[in-house]
Amino acid sequence: MTTTRKVIIIGSGPAAYTAAIYAARANLAPLQFIGLQPGGQLMLTTLVENYPGFVEGIDGPPLMETFKKQAERFGTEMITEDVTAVDFARRPFTVSAGGESWEALTVIVATGAVAKLLGLENESVLMGRGVSTCATCDGFFFKDQNVMVVGGGDSAVEEALYLARLGRKVEVVHRRDTLRASKIMQERAFKNPKIEFIWDSAVEDIRDPEIGRVTTVALRNLKTQALSERPVDGLFIAIGHQPNTELFRGQLELLPNDYVKVEPGTTRTSVPGVFAAGDVQDFTYRQAVTAAGSGCMAALEAERFLEATHS
Ligand code: NAP
């Protein structure tokens, strides 16, 4: 165990790096656990056009490298390890990784969430090349093309409505014949002439990895077992997200949907001195820019907490 840190940040997406930039510039000498596969969900994206400051857009991985360099420039110390345990029951808090432990007066949790995937081989090969988990991010690239959404919850319907506003017909593939989405969202989708539903069906294959883009989706009707093929340029997987909160179960209050519970309008968790930023506590907006904004909030709140309790 080394000296007690003022701030430990867990994560390496836009929320975590922004928290690091702010904490480092406030002379809090942050220690950031960036994990064995740093960068968060933007590492799975190609062109990001909705992050302000990049007129022509920027690919996800170089954007995250830029975030990282900016955090390093102000002296953030980074450790390329996955955090294996935390103890928020005692102060100072303890964070363990790679067989070692560190103490901290405040912790910023920014471990993100992952989009659930169908588990098809070509899905990961074509991710960012026609397969997407975010219509707000990528819908624009498929403005005049054939798009399909998979799922039957509010996310799927919301993605379909968003895509329908952008242009052509949107097909929604759902594995049952009734939606899970809220009634109001269902009504909106059923009323929209651009949205068509394909019921009782599952995506069986996504082609064409050989040419590096999506051209066709093979569907199986789960009632008749019949196979069909649809020409598709963009396939949006909207079957839910899973926040990365397993580490914090029993340590922080979680919502029934497993996201970290924060006081509305703040990043304060159920444990004073522990703050949560980005997608780990946000199941509404889920944008890089909103994550970055909440990372800034978490750093400012950590700074104020330290001033109030340790000055
Ligand atoms: P969700 O409610 O869990 O819905 C996931 C959908 O994907 C379900 O229809 C499910 O099918 C389907 N699905 C799950 N795994 C699948 C698989 N392997 N293959 C094919 N289909 C699969 O998730 P969500 O839509 O992301 O919503 C999560 C929460 O956020 C909900 O509480 C929702 O109300 C809320 N939300 C609200 C809004 C809004 O109000 N504007 C927008 C987005 C999300 P089954 O129905 O057969 O299980």
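The figures here come from the full heavy-atom set of this structure, side chains too, leaving out hydrogens, waters and symmetry mates. Ligands are counted one by one from 1 in listed order, and the atoms in each one are counted from 1 as well.
Distance check for atom 32 (O) of ligand 1: every protein heavy atom is found at 4.0 Å or beyond. Counting only heavy atoms, the protein gets under 4.0 Å from atom 38 (C) of ligand 1. Atom 28 (C) of ligand 1 lies below 4.0 Å from none of the non-hydrogen atoms of the protein. Less than 4.0 angstrom separates atom 2 (O) of ligand 1 from at least one non-hydrogen atom of the protein.
Looking only at side-chain heavy atoms (C-beta outward), C134 and Q287 come within less than 4.5 Å of each other. Considering only heavy atoms from C-beta on, V172 stays 4.5 Å or farther from V157 through its side chain. At least one side-chain heavy atom of M148 sits under 4.5 Å from a side-chain heavy atom of R230. The shortest side-chain heavy-atom distance between L28 and T106 does not fall under the 4.5 Å cut-off. Between D233 and V214 the shortest side-chain heavy-atom distance does not fall below 4.5 Å.
One option in T178, V203, I239 has a heavy atom closer to atom 13 (N) of ligand 1 than any other, and that option is I239. Checking S155, A238, A181 against atom 26 (O) of ligand 1, the nearest heavy atom belongs to S155. Nearest-residue assignment for atom 48 (O) of ligand 1 (options R180, M185, E159; heavy-atom criterion): R180.
Q32 and T76 share no donor-acceptor pair across their side chains, judged by distance under 3.5 Å alone.
Here is the list of ligand 1 atoms found below 4.0 Å of a heavy atom in R176: 45 (P), 46 (O), 47 (O). For ligand 1 and G240, the ligand atoms under 4.0 Å from any heavy atom of the residue are 23 (O), 26 (O). The ligand atoms of ligand 1 that sit less than 4.0 angstrom from a heavy atom of G152 are 6 (C), 7 (O), 8 (C), 9 (O).
Considering both main-chain and side-chain atoms, D154 comes within under 3.5 Å of ligand 1 through a nitrogen or oxygen pair. In terms of polar-atom proximity, defined here as any N/O pair under 3.5 Å, A156 makes no such contact with ligand 1. Not a single N or O atom of V150, backbone or side chain, sits closer than 3.5 Å to an N or O atom of ligand 1.
Contact annotation for L118 and ligand 1: only side-chain heavy atoms (C-beta onward) come within less than 4.0 Å of the ligand. When heavy-atom distances to ligand 1 are checked against a 4.0 Å cut-off, K116 has no atom that comes that close, whether in backbone or side chain.
Below 30°, between 30° and 60°, or above 60°: for F197 and W199 the angle between ring planes is below 30°, a parallel geometry. Between W102 and F33, the two ring planes are perpendicular [angle over 60°; tilted spans 30° to 60°].
The protein atom (non-hydrogen) at minimum distance from atom 11 (O) of ligand 1 is R175 NE, 3.1 Å. From the protein, the heavy atom lying nearest to atom 42 (C) of ligand 1 is E158 OE1, 3.4 Å.
Note: Y162 and F236 fail the aromatic proximity criterion, with ring centroids not under 6.0 Å apart.
Scored by the side chain to side chain contact (heavy atoms under 4.5 Å, CB included) test, L255 finds N257, Y259, K261, F283 as partners (sequence neighbours excluded).
One hydrophobic cluster, built from ILVMFWY side chains closer than 4.5 Å, holds both M185 and L163.
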